[in-house]
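Read the structure below first, then the notes.
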Amino acid sequence: MLEVAIAIIIGIGVGVIVGVLGAGGGILAVPALAYLLHQSPHAAATGSLVIVLATAAVALPGKIKRGQIRFREGVFFGSICVVGSFIGARLSAYVHGHVLMALFAAMLAIMCIVMFREGLKQRGGDEQIIEQRHSKGFAVIAIAALSTGFLTGFFGVGGGFMVVPVLTLVLAFSMREATGTSLLIMIMAAATGLVSRYGQTIDIDWPIVFGFMFGSMGGGLLGGPLSNKAKTHQLTLIFAVLLAVVAVSTGATVAYQVLYGS
């Protein structure tokens, strides 16, 4: 019961972050389940998809109400994402847990650098930068969506950590539009990742996952309204810091486990 209570508390914090940033659920849920709640990496990846799917579904209506969802682009991007998500989820089962988490940390570090640079650019003038952007061609969008979906399925994350940067940098979305639309894409990709894992032998502690999920859903409702109080560059930099913290902590934990045989 204690671990379930801890899972609920952690879930609330994760949900608030998802509500504010439109991302972060999976990148926090996976290491939290693996290292704080003692799930195997593959069980953590699967449980994370359940959590992200439910949290994004709860946070989505608030974003719709505030007009921060671009449905046509979101559905198009998400439709390509699900293909990559299916492939990634099937391949994930063949990768050792330590390797999976090490790759996870490396990917977050790369995305942290990208978003930090973007946040610094926005700091000088959000609107001017947005107006100067132009959406890329179909091939670039398709490759970005396929790659995002693959990482979603492979690592068991909702994909918001990738979707938000791609929507801002490739599709010329504002940060608020990206955080809102990413929820729609996360739902599509996470659902596909779960379906793709059907038939795999994974030992999941469902009480912990559901406790985390309900806490995260509640936190998502709290976090949504908070996003309107922050400036665009602030959201971007907060997102970059979040990626950095998770990347460093995950990488350090993996290194410790490899060195000391945990």
Side-chain angles (χ1 to χ4, degrees), residues 1-62 85-86 88-90 92-98 100-101 104-105 108 151-161 183 186-224 242 245-246 249-250 253-254 256-257 262:
M1 287 299 295
L2 178 60
E3 283 198 332
V4 174
I6 294 173
I8 293 173
I9 294 171
I10 296 173
I12 292 172
V14 170
V16 169
I17 292 171
V18 173
V20 173
L21 299 177
I27 64 171
L28 293 175
V30 171
L33 288 169
Y35 301 133
L36 298 180
L37 298 169
H38 314 298
Q39 308 294 293
S40 72
H42 291 97
T46 303
S48 171
L49 288 174
V50 176
I51 294 163
V52 168
L53 178 60
T55 306
V58 168
L60 185 64
S85 181
F86 181 86
R90 302 305 295 182
S92 176
Y94 301 101
V95 179
H96 189 279
H98 287 332
L100 188 69
M101 297 306 290
F104 180 69
L108 293 183
L151 295 173
T152 295
F154 189 77
F155 292 112
V157 295
F161 70 97
L183 294 174
M186 285 161 62
I187 291 171
M188 297 174 67
T192 303
L194 280 174
V195 172
S196 303
R197 280 172 161 74
Y198 180 77
Q200 296 180 6
T201 304
I202 303 174
D203 186 18
I204 300 173
D205 191 331
W206 287 111
I208 286 179
V209 171
F210 285 134
F212 199 125
M213 181 187 76
F214 286 118
S216 186
M217 290 167 68
L221 293 175
L222 296 174
L242 174 65
V245 170
V246 179
S249 59
T250 300
T253 303
V254 173
Y256 178 86
Q257 290 181 337
S262 302

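Position 1 is the first residue of the sequence, and the numbers go up from there. Here the structure is a predicted model, which is why all the values come from computation and not from measurement.
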If the condition is side chain to side chain contact (heavy atoms under 4.5 Å, CB included), which residues does [X] pass it with, not counting sequence neighbours?
X    : value
M188 : S79, V82
Y35  : P31, M101, T250, T253, V254, Q257
A43  : Q39, S40, I202, I204
V245 : V241

Looking only at heavy atoms, what is the nearest atom pair of [X] and [Y], with distance?
X   : Y    : answer
T46 : L194 : O-CD2, 3.7 Å
A44 : A34  : CB-N, 3.9 Å
G97 : H42  : N-CE1, 4.1 Å

Output the distance between atom [atom1] ([X]) and atom [atom2] ([Y]), rounded to the nearest 0.5 Å.
X    : Y    : atom1 : atom2 : answer
T192 : I187 : OG1   : CD1   : 11.5 Å
S92  : L151 : OG    : CG    : 11.0 Å
F212 : E3   : CZ    : CD    : 12.5 Å
M186 : L49  : CE    : CG    : 10.5 Å

Side chains of L36 and I10, heavy atoms from C-beta outward: is any pair under 4.5 Å?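 Sidechains of I10 and L36: in contact.
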Tell me every residue that passes ring-ring contact (aromatic ring centres under 6.0 Å, His included) with F210, counting only those two or more places apart in sequence or in another chain.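 Partners of F210 by the ring-ring contact (aromatic ring centres under 6.0 Å, His included) criterion, ordered by chain and then number, come out as W206.
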List the steps, then state whether side-chain contact (heavy atoms from CB on, under 4.5 Å) holds for L33 with I51. CA-CA 11 Å; L33 288 169; I51 294 163; 3.9 Å; yes
